[in-house]
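As the structure is a computational prediction, the values presented were derived from the model and not from experiment. Only this structure's heavy atoms are used, side chains among them; waters, hydrogens and symmetry mates stay out.
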Amino acid sequence: MTISKNKLQKVTLNTFKAVLILLCVWSCKQNPKLNEQSQPKNSPTAKEILGNPKYLAMSYGGYRHVDHDIEPTIEELKEDMLLLSAMGVGIIRTYKVYLPHASNVLKAIKELKSEDPDFEMYVMLGAWINCKNAFTDKEPDHASESPDNATEIEKAVALANEYPDIVKIIAVGNEAMVKWQAQYYVEPGIILKWVTHLQNLKEEGKLPKDLWITSSDNFASWGGGGEEYHVEDLNRLIKAVDFISMHTYPMHDTHYNPDFWYTPESDSSLSDMQKIEKAMQRSLAYAKTQYQNVARYIKYLNLEKPIHIGETGWATVSNGFYGTEGSRATDEFKEALYYEAIRDFTNENKISCFYFEGFDEPWKDASNPNGSENHFGLFTVEGKAKFALWDLVDKGVFDGLKRNGNTIEKTYNGDKSALMKDVMVPPTEEEILAQHSN
């Protein structure tokens with residue numbers, strides 16, 4: 001039988017392809033690591049992002065309504081991503097994989113990347129963890145876990161695999177070990193279980209090998225607090241995570257642990273502005289101390305882990321503990337001082353700080369519009385830039401961008417003298433005692 005030259009070339013080529021495929025299969029069996037997933041080319045890893053001032057970090061929730069059931073649209077999420085990117089944010093931290101929010105954030109970022117190949121935004125994806133009977137009328141069982149946790153982890157894994165160029169970190173739980181979260185906290189062994197599970201998936205090639213795994217929790221939960229937290233499962237957890245994501249909130253402790261906040265008698269002759277500035281310097285020192293306490297505990301364990309700040313922030317409004325009848329901590333001027341100070345400290349020391357948060361979220365204390373939890377944003381719901389961002393407005397970084405149909409303008413119509421009328425001087429200890437006795 002005569003075979004034409006073209007047919008002979010085709011047979012030879014197909015044989016070559018078959019041999020090549022067989023060689024690849026054999027090679028992968030001999031070296032299973034070749035089967036592992038990895039981050040896409042030209043996509044930085046978590047190790048390259050965290051602590052890099054080029055990628056400022058921000059905590060993000062996109063809910064704009066008092067009614068938490070109203071999900072932000074893809075277009076609204078894209079608006080927010082563009083605003084955050086304009087101010088230098090390159091990685092956000094977000095939860096709610098059990099709702100459309102998390103997956104929609106990833107879709108929004110993917111669309112922005114397809115519209116502009118130079119657009120960058122990466123995600124630390126949180127998986128919410130609860131104890132058994134959390135948020136029910138039954139007694140919480142902190143030694144056991146909610147059956148919903150497995151579903152939460154499964155969804156986080158699926159999203160990390162679907163968006164490997166965007167999801168760089170999975171955080172197991174949010175303040176899920178600190179004991180004052182009495183409704184839902186779990187013992188460290190439960191967090192360790194899921195961190196180990198995710199690390200094993202990486203080893204098996206079922207998650208990108210460069211994906212980092214952590215848990216995001218209060219500084220005390222990472223060993224920086226009392227001995228009640230210094231348990232063996234915590235020590236194992238610290239060893240298992242890729243980095244520590246710790247929370248520090250001097251603002252909250254202006255009420256709960258206020259010794260650093262009171263104006264001391266030695267400062268009584270200072271001007272009001274000097275008293276405020278010194279109080280904010282003490283607040284930064286307080287946050288640094290909590291960071292250092294965590295570092296000290298890790299050193300005690302003879303371990304080395306990067307430590308980043310998973311949450312810290314300062315509210316601008318409060319009709320409760322932090323307002324005029326309390327610690328007098330909340331206003332836009334103090335938020336701006338804290339934001340600048342914590343950014344300077346973390347950037348200089350190559351620490352990522354997922355500042356809490358980008359935008360006000362009115363659902364967080366839905367029955368109390370002036371509750372502090374609604375007012376941690378650097379932007380208002382309507383898109384007004386609070387005092388911490390006024391200089392960026394002046395520089396034009398938000399030109400052409402909108403939120404809720406509004407161009408980005410300054411709060412107080414840019415009138416600093418009007419803003420300063422709402423600024424309160426921290427009280428002395430005697431003033432607080434007198435206030436409480438009344």
Review point. So E115 and K78, salt bridge (charged side-chain N to carboxylate O under 4.0 Å, His left out) or not? Walk me through it.
Key: CA-CA 11 Å; E115 295 163 10; K78 288 166 72 173; 2.7 Å; yes
Practice item. Could you check if a side-chain atom of L84 sits within less than 4.5 angstrom of a side-chain atom of M87, using non-hydrogen atoms only? Key: yes
Study note, to complete from the structure: Looking only at heavy atoms, the pair that brings D141 and C131 closest together is O-CB, 3.4 Å
Which donor-acceptor pairs under 3.5 Å do side chains of residues 97-109 form with protein atoms, sequence neighbours excluded?
from	atom 1	to	atom 2	distance (Å)
H101	NE2	G62	N	3.0
S103	OG	P100	O	3.1
N104	ND2	P100	O	3.4

Check your understanding: Between H252 and Y249, how do the two ring planes meet: parallel, tilted or perpendicular, split at 30° and 60°?
Key -> tilted
Practice item. Establish, for the pair R328 and Y322, whether the NZ or CZ atom is under 6.0 angstrom from the six-membered ring centre and no further than 45 degrees off its axis. Key: no
Check your understanding: Would you say the side chains of W194 and E145 form a donor-acceptor pair under 3.5 Å?
Key -> yes
**Study point:** Validation row, ring centre F356 to ring centre Y60 under 6.0 Å
**Key:** no
Revision key, fill the gap. Salt bridge (charged side-chain N to carboxylate O under 4.0 Å, His left out) with D242: of K202, K305, K47, only one passes, and it is K202
Exercise for review: Verify whether the ring centers belonging to H68 and Y63 lie closer than 6.0 Å.
Suggested key: yes
Exercise for review: Using only heavy-atom distances, determine whether the side chains of S417 and D415 contain a donor-acceptor pair under 3.5 Å.
Suggested key: yes
Check your understanding: Is the NZ atom of K179 crowded by more than 12 outside heavy atoms at less than 6.0 Å?
Key -> yes
Exercise for review: For the pair D267 (side chain) and K275 (backbone), establish whether a donor and an acceptor sit closer than 3.5 Å, ignoring hydrogens and angles.
Suggested key: no
Practice item. Ignoring hydrogens and angles, state whether a donor on the side chain of N149 or N130 is under 3.5 Å from an acceptor on the partner side chain. Key: no
Exercise for review: Using a 4.5 Å cut-off on heavy atoms from C-beta on, say whether the side chain of Y95 contacts that of S216.
Suggested key: yes
Check your understanding: Between F379 and F398, what is the ring plane arrangement, given parallel below 30°, perpendicular above 60°, and tilted in between?
Key -> perpendicular
Study note, to complete from the structure: In short, Q290 meets T248 closest at the heavy-atom pair OE1-OG1, 2.6 Å
Exercise for review: Would you kindly say whether T380 and E382 are connected by a side-chain donor-acceptor distance under 3.5 Å?
Suggested key: yes
Study note, to complete from the structure: Heavy atoms of M246 and V294 approach each other most closely as SD-CG2, 3.9 Å
Point to revise | E265 side chain reached by E430 side chain, heavy atoms, under 4.5 Å | key: no
Exercise for review: Please confirm whether Y291 and F219 have ring centers closer than 6.0 angstrom.
Suggested key: no
Review point. Looking at P306 and H308, what are the two nearest heavy atoms and their distance?
Key: CB-NE2, 3.9 Å
